[in-house]
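First comes the structure, then the notes that go with it.
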Amino acid sequence: STQWDSLAHRGAKFDINGDGNLVPVYYNGYRAGEDVSLNQKRETKAQELGIEKMAFHGVQGRGVLVDLHSTFGDFPRKEVGYDDLMRIMEKDGVTVEQGDILCLWTGLDQMIMSMKGIPNDSINHSCAVLNGFDSKLLDWIAGSGVAAIASDNLAVEAIGKGIPNGWCTNLPLHKLSLIHISEPTR
């Protein structure tokens, strides 16, 4: 992974109290403005969801690598859906089990290195990303029991897109993985 973000870098509104009122929350129901807040200096406080918690205890699990780059290359950017992912995993003999860390290699790391550490805008339109709007893919991820998804790209799924009709987020995979609630993303 190029980075592991804090578990507080994406929130959503959810009926956490079961009373019909949607309130902004983060991973595991931590509340915006209470557990996660921004001070006057624009510094974020997310004490229970900071990445240092993971660093303190470490992370251990079986890593499972899926090579998306060999199939899709650098250009054009490919939004990988469930059918694409299953086809590659079957071809490469990859099996994902509950608790695994799913590692996706897209080649973006090599592209950035070839730019001598000064990437240009092409990185926003190249290499594979997961299609977070593919309901079959979201269902598979939720049912697979993966503990984490890591990638060498910018955000695992496509960023910078609008919210399609019928959806409530522009990053549905983030909502599924970070908010980790049973509420549908659309």
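For clarity, every value in this text was computed on a predicted model and none was experimentally measured.
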#### Entry: Over all atoms of both residues, closest heavy-atom pair of Lys175 and Ala12
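Scanning both residues completely, I find the closest heavy atoms to be CE-CB, 3.9 Å.
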
#### Entry: Smallest separation among heavy atoms of Arg77 and Ile123, with atom names
NH2-O, 3.5 Å

### Query
Could you walk me through whether Glu97 and Ser144 pass the side-chain contact (heavy atoms from CB on, under 4.5 Å) check?
CA-CA 7 Å; Glu97 299 174 0; Ser144 71; over 6 Å; no

Donor-acceptor pair, [X] side chain versus [Y] backbone, under 3.5 Å?
{"X": "Asp134", "Y": "Tyr82", "result": "yes"}
{"X": "Ser151", "Y": "Leu104", "result": "yes"}
{"X": "Arg31", "Y": "Pro24", "result": "no"}

### Task
Consider only side-chain N and O atoms of Arg10 and Thr169, and report whether a donor and an acceptor are under 3.5 Å apart.
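Yes, side-chain donor-acceptor contact under 3.5 Å.
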
According to salt bridge (charged side-chain N to carboxylate O under 4.0 Å, His left out), who are the partners of [X], at least two apart in sequence or on a separate chain?
{"X": "Asp92", "value": "none"}
{"X": "Arg87", "value": "Asp84"}
{"X": "Lys91", "value": "none"}

### Same apolar cluster (I L V M F W Y, side chains within < 4.5 Å links), Trp105/Leu85
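No, Trp105 does not connect to Leu85 through the hydrophobic network.
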
### Query
Ile163 and Val156: same hydrophobic cluster, using ILVMFWY side-chain contacts below 4.5 Å?
yes

### Query
Can Val25 and Val23 be said to form a side-chain contact (heavy atoms from CB on, under 4.5 Å), step by step?
CA-CA 6 Å; Val25 295; Val23 296; 4.0 Å; yes

### Query
Taking everything shown except Gln98 itself, do over 12 heavy atoms lie less than 6.0 Å from its CD?
no

### Query
Looking at residues at least two apart in the chain, or sitting in another chain, which of them share a side chain to side chain contact (heavy atoms under 4.5 Å, CB included) with Ala158?
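Counting only residues at least two positions away or on another chain, Ala158 forms a side chain to side chain contact (heavy atoms under 4.5 Å, CB included) with Glu79, Val129, Lys161.
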
### Query
What distance do Asp15 atom CG and Asn21 atom CG have between them, rounded to the nearest 0.5 Å?
7.0 Å

Give the table of side-chain donor-acceptor pairs shorter than 3.5 Å for residues 55-76, with sequence neighbours excluded, one pair per line with atom names and distance.
from  : atom 1 : to     : atom 2 : distance (Å)
Arg62 : NE     : Asp100 : OD1    : 3.0
Arg62 : NE     : Asp100 : OD2    : 3.3
Arg62 : NH2    : Thr95  : O      : 2.8
Arg62 : NH2    : Asp100 : OD2    : 2.7
Asp67 : OD1    : His69  : N      : 3.1
Asp67 : OD1    : Ser70  : N      : 2.9
Asp67 : OD1    : Ser70  : OG     : 3.3
Asp67 : OD2    : Ser70  : OG     : 2.5
His69 : NE2    : Asp74  : OD1    : 2.8

#### Entry: Within-4.5 Å side-chain heavy-atom neighbours: His9 and Leu178
yes

### Query
Members other than Leu38 in its cluster, when Ile, Leu, Val, Met, Phe, Trp, Tyr link by side-chain heavy atoms under 4.5 Å?
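Members alongside Leu38: none; it stands by itself.
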
